[in-house]
> 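To start, I am sharing the structure in question, which I have written as structure tokens.
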Amino acid sequence: MTHETIRVNEIFGPTIQGEGALIGQPTVFVRTGGCDYRCSWCDTLHAVDSAYRDEWLPMSPAAIMMQVDILSGGKPLIVSLSGGNPAIQPLGGLIELGRQEGYRFALETQGSIARDWFAMLDTLTLSPKPPSSGMTTDWQKLAECLEAAGPVARIVMKVVIFDDEDYAFARDAAARYPELPLFLQPGNHTPPHPDEENGAIDMSGIMERMRWLVDKVSTDRLYSATVLPQLHTLIWGNLRGV
């Protein structure tokens, strides 16, 4: 592999972004392989677990953009870089190439690895993982991600919520970074098995958590938060590639 080779789990779209600041906007997804976390409720284990690394295709930036261009019909739109943790991959060349063609780039990461090419992003979503994930946030590393993104990229924070402890974590994150727009979403407690293309989902349970989260934010007057569902989950459940 050259330093520009990117491990790609899947490229799909155009569809809509289902989460956060860009929810509902037409998007092509480039999902990379590999992650430095192993969240207990991960819903993309096929892009995380090394047992599936043989399915991750090494691709050059040019090859990725060729596929994106085919999917978009040659009309530039938002390219969402996801994972796993896409910050593991050398994505600077891909972003530079795509921006030359008029594409915009968004990336979501837990904030554990800072890259200088964050400054080329249009939108950076920092999604520190709450206690229910089983992971521990290194706030210094997240601060390094903020610094790497600089003043140009739009930076937002998104936290997945499963319980009261997660909600308290989100409030602490908001207090640490009051300047960042805060997005909260209920977690999917029935993530698909990585070998399943369309696993069963407890939609009623997810919606019950959504109502609980709305009530928490309203009661606590956490007016800085935007509470959103996972829109793609409401539309397609656990179906992959949408």
> Apply ring pair (Phe, Tyr, Trp, His ring centres under 6.0 Å) to Phe169 and Trp139, showing your working.
CA-CA 12 Å; Phe169 173 89; Trp139 293 106; 5.7 Å; yes
> Just by distance, no angles: are the side chains of Gln17 and Gln25 close enough, under 3.5 Å, to form a donor-acceptor pair?
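The answer is no; no qualifying pair exists.
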> Would you say Val160 and Leu45 are hydrophobically clustered, going by side-chain heavy atoms of ILVMFWY under 4.5 Å?
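No, Val160 does not connect to Leu45 through the hydrophobic network.
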> Is it the case that the side chain of Thr44 and the backbone of Ala47 share a donor-acceptor pair, with hydrogens and angles ignored and the cut-off at 3.5 Å?
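Answer holds: no.
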> Tyr52 and Asn9: side-chain donor and acceptor closer than 3.5 Å?
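Note: Tyr52 and Asn9 side chains miss the donor-acceptor criterion.
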> What is the distance from atom CZ of Arg115 to atom CG of Leu107, rounded to the nearest 0.5 Å?
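Spacing of CZ (Arg115) from CG (Leu107) equals 11.0 Å.
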> Should Phe29 and Ile11 be counted in the same cluster of Ile, Leu, Val, Met, Phe, Trp and Tyr side chains packed under 4.5 Å apart?
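As far as the 4.5 Å side-chain criterion goes, Ile11 and Phe29 are not connected within one cluster.
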> Grouping I, L, V, M, F, W and Y whenever their side-chain heavy atoms are under 4.5 Å apart, do Val8 and Trp117 come out in a common cluster?
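Yes; Trp117 is reachable from Val8 via cluster members.
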> Can you confirm whether the side chains of Thr109 and Asn85 place a donor and an acceptor under 3.5 Å from each other?
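A donor-acceptor contact under 3.5 Å links the two side chains.
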> To check you understand the geometry: which heavy-atom pair defines the closest contact between Leu121 and Ala106, and what is its length?
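Leu121 and Ala106 have their closest heavy atoms at CD2-C, 4.4 Å.
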> Is Arg104 reaching over with its side chain to a backbone N or O of Asp122, donor-acceptor style, under 3.5 angstrom?
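Answer holds: no.
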> Checking side chain to side chain contact (heavy atoms under 4.5 Å, CB included) for the pair Ile113/Asp36: CA distance, chi angles, key distance, verdict?
CA-CA 9 Å; Ile113 300 172; Asp36 51 325; 3.8 Å; yes
> Examine the side chains of Thr233 and Asn188 and answer whether a donor and an acceptor come within less than 3.5 Å of each other.
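Checked: Thr233/Asn188 side chains show no N/O donor-acceptor pair below 3.5 Å.
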> Identify the heavy atoms of Arg7 and Arg53 that sit nearest to each other, and give their distance.
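Nearest pair, atom of Arg7 first, then Arg53: NH1-NH2, 2.9 Å.
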> According to a hydrophobic-cluster definition based on side-chain heavy atoms being under 4.5 Å apart (Ile, Leu, Val, Met, Phe, Trp, Tyr only), do Ile155 and Val152 belong together?
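Looking at the clustering, Val152 is in a separate group from Ile155.
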> In the structure I gave you, are the side-chain heavy atoms of Leu234 and Met203 within less than 4.5 Å of one another anywhere?
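They are in contact (side-chain heavy atoms under 4.5 Å apart), so the answer is yes.
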> Has Thr219 got a side-chain atom pairing as donor or acceptor with Lys216's backbone, closer than 3.5 angstrom?
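Side chain of Thr219 to backbone of Lys216, a donor-acceptor pair under 3.5 Å: no, none is there.
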> Is any side-chain heavy atom of Gln110 closer than 4.5 Å to a side-chain heavy atom of Cys35?
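Heavy-atom side-chain distance check passes, below 4.5 Å.
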> Closest heavy-atom contact between Leu97 and Ala62?
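Nearest heavy atoms, Leu97 then Ala62: CD2-CA, 3.6 Å.
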> Please tell me if the side chains of Ser127 and Glu108 come closer than 4.5 Å, counting only heavy atoms from C-beta onward.
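The answer is yes, as the side chains (C-beta and beyond) meet within the 4.5 Å cut-off.
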> Taking atom CD of Glu4 and atom CE of Met59, what is their separation to the nearest 0.5 Å?
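Reported to 0.5 Å precision, the distance equals 13.5 Å.
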> Once you round to the nearest 0.5 Å, how far does OG1 of Thr226 lie from CG of Leu184?
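With rounding to 0.5 Å, OG1 (Thr226) is 8.0 Å from CG (Leu184).
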> Inspect the contact between Arg209 and Asp163 and indicate whether a charged nitrogen and a carboxylate oxygen are less than 4.0 angstrom apart.
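So Asp163 does not pair with Arg209 through a salt bridge.
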> How far apart are the C-alpha atoms of Glu55 and Glu10, what are their side-chain angles, what is the distance that settles it, and do they pass the side chain to side chain contact (heavy atoms under 4.5 Å, CB included) test?
CA-CA 9 Å; Glu55 301 176 10; Glu10 57 184 345; over 6 Å; no
> Within the structure provided, determine whether Ser112 and Asp138 are in side-chain contact (heavy-atom separation under 4.5 Å).
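Side chain of Ser112 against side chain of Asp138, heavy atoms only: no contact under 4.5 Å found.
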> Applying a strict under-4.5 Å side-chain criterion to I, L, V, M, F, W and Y, I'd like to know whether Leu77 and Ile70 cluster together.
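Different clusters: Leu77 never reaches Ile70 through Ile, Leu, Val, Met, Phe, Trp or Tyr contacts under 4.5 Å.
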> Is Glu147 atom CD crowded by more than 12 heavy atoms from other residues, nucleotides or ligands, each under 6.0 Å away?
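Atom CD in Glu147 is not crowded, with 12 or fewer foreign heavy atoms closer than 6.0 Å.
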> I'd like to know if the side chain of Asp166 reaches the main chain of Pro130, judged simply by a donor and an acceptor atom lying under 3.5 Å from each other, with no hydrogens or angles considered.
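Flag not set: sc Asp166 to bb Pro130 has no pair under 3.5 Å.
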> Could you check if a side-chain atom of Val227 sits within less than 4.5 angstrom of a side-chain atom of Gln185, using non-hydrogen atoms only?
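Answer no - side chains too far apart.
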> Hey, what do you get for SG (Cys145) to CZ (Phe118), rounding to the nearest 0.5 Å?
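Between atom SG of Cys145 and atom CZ of Phe118 there are 4.5 Å.
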> With side chain to side chain contact (heavy atoms under 4.5 Å, CB included) as the criterion, how do Phe162 and Ser133 come out once you've worked through the C-alpha distance, each side chain's angles and the decisive distance to 0.1 Å?
CA-CA 9 Å; Phe162 282 86; Ser133 69; over 6 Å; no
> Going by atom types only, do Ser132 and Trp41 share a side-chain donor-acceptor pair under 3.5 Å?
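Present: a donor and an acceptor within the cut-off.
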> In terms of side-chain heavy atoms, does Asp202 have a donor or acceptor partner in Ser204 at a distance below 3.5 Å?
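Result is yes, a qualifying pair exists.
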> Looking only at non-hydrogen atoms, find the nearest pair between Pro229 and Pro186 and report the distance.
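Smallest heavy-atom distance, with atoms named: CA-CD, 4.2 Å.
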> List the steps, then state whether side chain to side chain contact (heavy atoms under 4.5 Å, CB included) holds for Asp164 with Trp212.
CA-CA 10 Å; Asp164 283 303; Trp212 167 82; 3.4 Å; yes
> Looking at OG1 of Thr27 and CD1 of Ile78, how far apart are the two atoms once the value is rounded to the nearest 0.5 Å?
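The CD1 atom of Ile78 is 5.0 Å from OG1 of Thr27, to the nearest 0.5 Å.
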> Show the nearest heavy-atom pair for residues Met157 and Tyr177, with the distance to one decimal.
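Closest approach of Met157 to Tyr177, heavy atoms only: CE-CD1, 3.7 Å.
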> Taking the side chain as every heavy atom from C-beta outward, state whether Thr32 and Ser82 have any atom pair closer than 4.5 Å.
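SC-SC contact between Thr32 and Ser82 ruled out.
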> May I ask you to decide if Asp215's main-chain N or O and Ser218's side chain share a donor-acceptor pair within less than 3.5 Å?
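Pair absent, no side-chain N/O of Ser218 close to backbone of Asp215.
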> Measuring only between side-chain heavy atoms, which start at C-beta, is Asp69 closer than 4.5 Å to Tyr103?
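Yes, at least one pair of side-chain atoms sits under 4.5 Å.
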> Can you tell me how far the CG atom of Leu180 sits from the CG atom of Leu126, to the nearest 0.5 Å?
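Here the interatomic distance stands at 7.0 Å.
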> Is any side-chain heavy atom of Leu81 closer than 4.5 Å to a side-chain heavy atom of Ile95?
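Yes, side chains in contact.
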> With a 6.0 Å cut-off (strictly less than), is the heavy-atom count around CE of Met66, excluding the residue itself, greater than 12?
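Counting other residues, nucleotides and ligands, CE of Met66 stays at 12 neighbours or fewer.
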> Any idea which heavy atoms bring Tyr167 and Leu222 closest together, and the distance?
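It is OH-CD2, 3.9 Å.
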